A.B. asks: 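Structure incoming, see below.
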Amino acid sequence: MTTPASSEESRSAAETVAAERLRSVLAPAVRLGCTADFEQESLPVDEVPGWFAAVGSGDEERVPQFARAGRGAYAEHTGGGRPWHLQDWLYRFAPDEDSRGWEWWDATVAGPSRVHVWVDSWGESFFGCQDLLWAAFTAGAVRVEGPTVQKAAVWSAERNSQPNP
C-alpha cells in the first residue's frame with residue numbers, strides 16, 4: 001500500500017502510522033475470530049478503533065480525514081465499492097467464513113510512502129480481499145497494488161530490517 005507523501009521526515013512517520021492503524025483494526029478482528037460467538041446478532045466492538053467503526057457508519061463527525069480519503073480511494077479502486085458496515089466486516093472473521101481468502105500476518109514499512117501488507121493466502125495468487133482493501137485504504141493507503149505471492153523468507157528479511165520489530 002502507498003501512503004500519502006509529504007516531507008522526507010514526515011513520510012517515514014506516515015508509513016509507520018498507517019501500518020499501526022492497520023494493525024489496530026485487524027488485531028481485534030482476529031481476536032474476535034478466535035473468541036467471539038458468531039451466532040450472536042452483533043459482535044462486540046469495544047476493541048475496534050472508533051475511527052474505523054465510524055468510517056462505514058455514516059457518522060461523518062467522527063470520521064477523521066485520513067479515513068474519509070481512504071473510503072473514497074477504496075470506492076475508486078473497487079469501481080464504486082460501498083463502504084463496509086462494521087458488523088458485516090467483523091463477521092468476515094468468523095472461523096467458518098469461506099469468503100475471506102486470507103489470514104492476517106503483518107504490515108511492514110517498505111520504504112518512502114510504502115507499506116507492505118502480509119497475509120497468508122494458502123499459496124493462492126488470487127483470493128477475495130475486499131475486506132482487507134477496506135481496512136488498508138481506511139487506515140491511510142492512497143493506493144494498493146497486488147496481491148502478489150511471496151515466500152515467507154521475503155517477509156522475514158523485511159521484518160528483521162525494521163527499526164523496532
Side-chain angles (χ1 to χ4, degrees), residues 1-4 13-38 40 42-57 62-64 66-75 77-78 81-110 113-124 126-150 152 154-156 158-160 162-165:
M1 78 188 215
T2 304
T3 58
E15 289 89 30
T16 302
V17 168
E20 287 305 315
R21 282 188 201 127
L22 185 59
R23 286 186 190 108
S24 77
V25 167
L26 289 168
V30 169
R31 276 193 295 280
L32 282 174
C34 296
T35 62
D37 178 2
F38 284 86
Q40 298 295 316
S42 66
L43 297 169
V45 297
D46 38 321
E47 289 187 45
V48 176
W51 63 264
F52 189 73
V55 73
S57 73
R62 294 183 34 220
V63 181
F66 70 85
R68 284 183 194 167
R71 183 176 53 206
Y74 171 81
H77 181 85
T78 59
R82 294 186 202 168
W84 282 75
H85 294 285
L86 180 59
Q87 289 293 322
D88 293 340
W89 189 83
L90 289 172
Y91 271 95
R92 297 290 288 237
F93 290 84
D96 59 350
E97 175 63 55
D98 292 333
S99 60
R100 183 171 54 89
W102 56 273
E103 285 185 7
W104 170 243
W105 210 350
D106 198 4
T108 55
V109 176
S113 300
R114 200 167 198 70
V115 173
H116 285 161
V117 177
W118 300 90
V119 299
D120 184 354
S121 66
W122 307 287
E124 298 294 327
F126 182 79
F127 56 93
C129 60
Q130 297 298 312
D131 42 11
L132 181 59
L133 290 172
W134 173 250
F137 278 115
T138 60
V142 294
R143 190 178 74 215
V144 176
E145 299 170 8
T148 61
V149 176
Q150 300 287 335
V154 176
W155 163 79
S156 181
E158 190 165 292
R159 181 71 173 157
N160 290 334
Q162 300 293 295
N164 293 317

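Note that this is a predicted model, so its numbers are computed, not measured.
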A.B. asks: Write down the atom of Gln87, the atom of Val45, and the distance for their closest heavy-atom approach.
C.D. replies: NE2-CG1, 3.3 Å
A.B. asks: Using a 4.5 Å cut-off on heavy atoms from C-beta on, say whether the side chain of Trp89 contacts that of Leu43.
C.D. replies: no
A.B. asks: Side chains of Val30 and Glu103: does their closest heavy-atom pair fall under 4.5 Å?
C.D. replies: no
A.B. asks: Taking Ser156 for its side chain and Ala152 for its backbone only, find out whether a donor-acceptor pair lies under 3.5 Å.
C.D. replies: no
A.B. asks: Please tell me if the side chains of Leu132 and Leu26 come closer than 4.5 Å, counting only heavy atoms from C-beta onward.
C.D. replies: yes
A.B. asks: Does a donor on one side chain and an acceptor on the other come within less than 3.5 Å for Trp155 and Thr108?
C.D. replies: no
A.B. asks: Of the non-hydrogen atoms in Val48 and Ala53, which two are nearest, and what is the gap between them?
C.D. replies: CG1-N, 4.3 Å
A.B. asks: Tell me the closest heavy-atom pair linking Ala54 and Arg62, and the distance in Å.
C.D. replies: CB-CB, 3.7 Å
A.B. asks: Given 3.5 Å as the limit, does a donor-acceptor pair link the side chain of Arg92 with the main chain of Glu97, or not?
C.D. replies: no
A.B. asks: Taking everything shown except Asp37 itself, do over 12 heavy atoms lie less than 6.0 Å from its CG?
C.D. replies: yes
A.B. asks: With sequence neighbours excluded, tell me which residues meet side chain to side chain contact (heavy atoms under 4.5 Å, CB included) with Arg23.
C.D. replies: Ala19, Glu20, Trp104, Asp106, Ala107, Arg159
A.B. asks: Let me confirm one number: the CH2-CZ distance from Trp51 to Arg21, rounded to the nearest 0.5 Å.
C.D. replies: 6.5 Å
A.B. asks: Would you say the side chain of His116 lies within less than 4.5 Å of the side chain of Glu145, judging by non-hydrogen atoms?
C.D. replies: no
A.B. asks: Identify the two heavy atoms, one from Ser42 and one from Tyr91, that lie closest to each other, and give their separation to 0.1 Å.
C.D. replies: N-OH, 3.5 Å
A.B. asks: Grab the two heavy atoms, one from Val119 and one from Phe127, that are nearest each other, plus how far apart they are.
C.D. replies: CG2-CZ, 3.9 Å
A.B. asks: At what distance, to the nearest 0.5 angstrom, does SG of Cys34 lie from CZ of Phe93?
C.D. replies: 10.5 Å
A.B. asks: Under 4.5 Å between any side-chain heavy atoms of Val154 and Glu158, yes or no?
C.D. replies: no
A.B. asks: Got Phe52 and Trp134 here, is their nearest side-chain heavy-atom distance under 4.5 Å?
C.D. replies: yes
A.B. asks: When you look at CZ of Arg31, are more than 12 heavy atoms from neighbouring residues, nucleotides or ligands closer to it than 6.0 Å?
C.D. replies: yes
A.B. asks: Flag this pair as yes if the NZ/CZ of Arg100 is under 6.0 angstrom from the six-membered ring centre of Trp102 and inside a 45 degree cone about the axis; otherwise no.
C.D. replies: yes
A.B. asks: So, taking the atom named CZ in Arg71 and the one named CZ in Phe66, what distance separates them when rounded to the nearest 0.5 Å?
C.D. replies: 11.5 Å
A.B. asks: Can you give me the closest heavy-atom contact between Pro83 and Gly56, atom names plus distance?
C.D. replies: CB-CA, 4.2 Å
A.B. asks: Testing Leu22, Val25, Val55, Val63 one by one against Thr138 for a side chain to side chain contact (heavy atoms under 4.5 Å, CB included), which residue passes?
C.D. replies: Val55
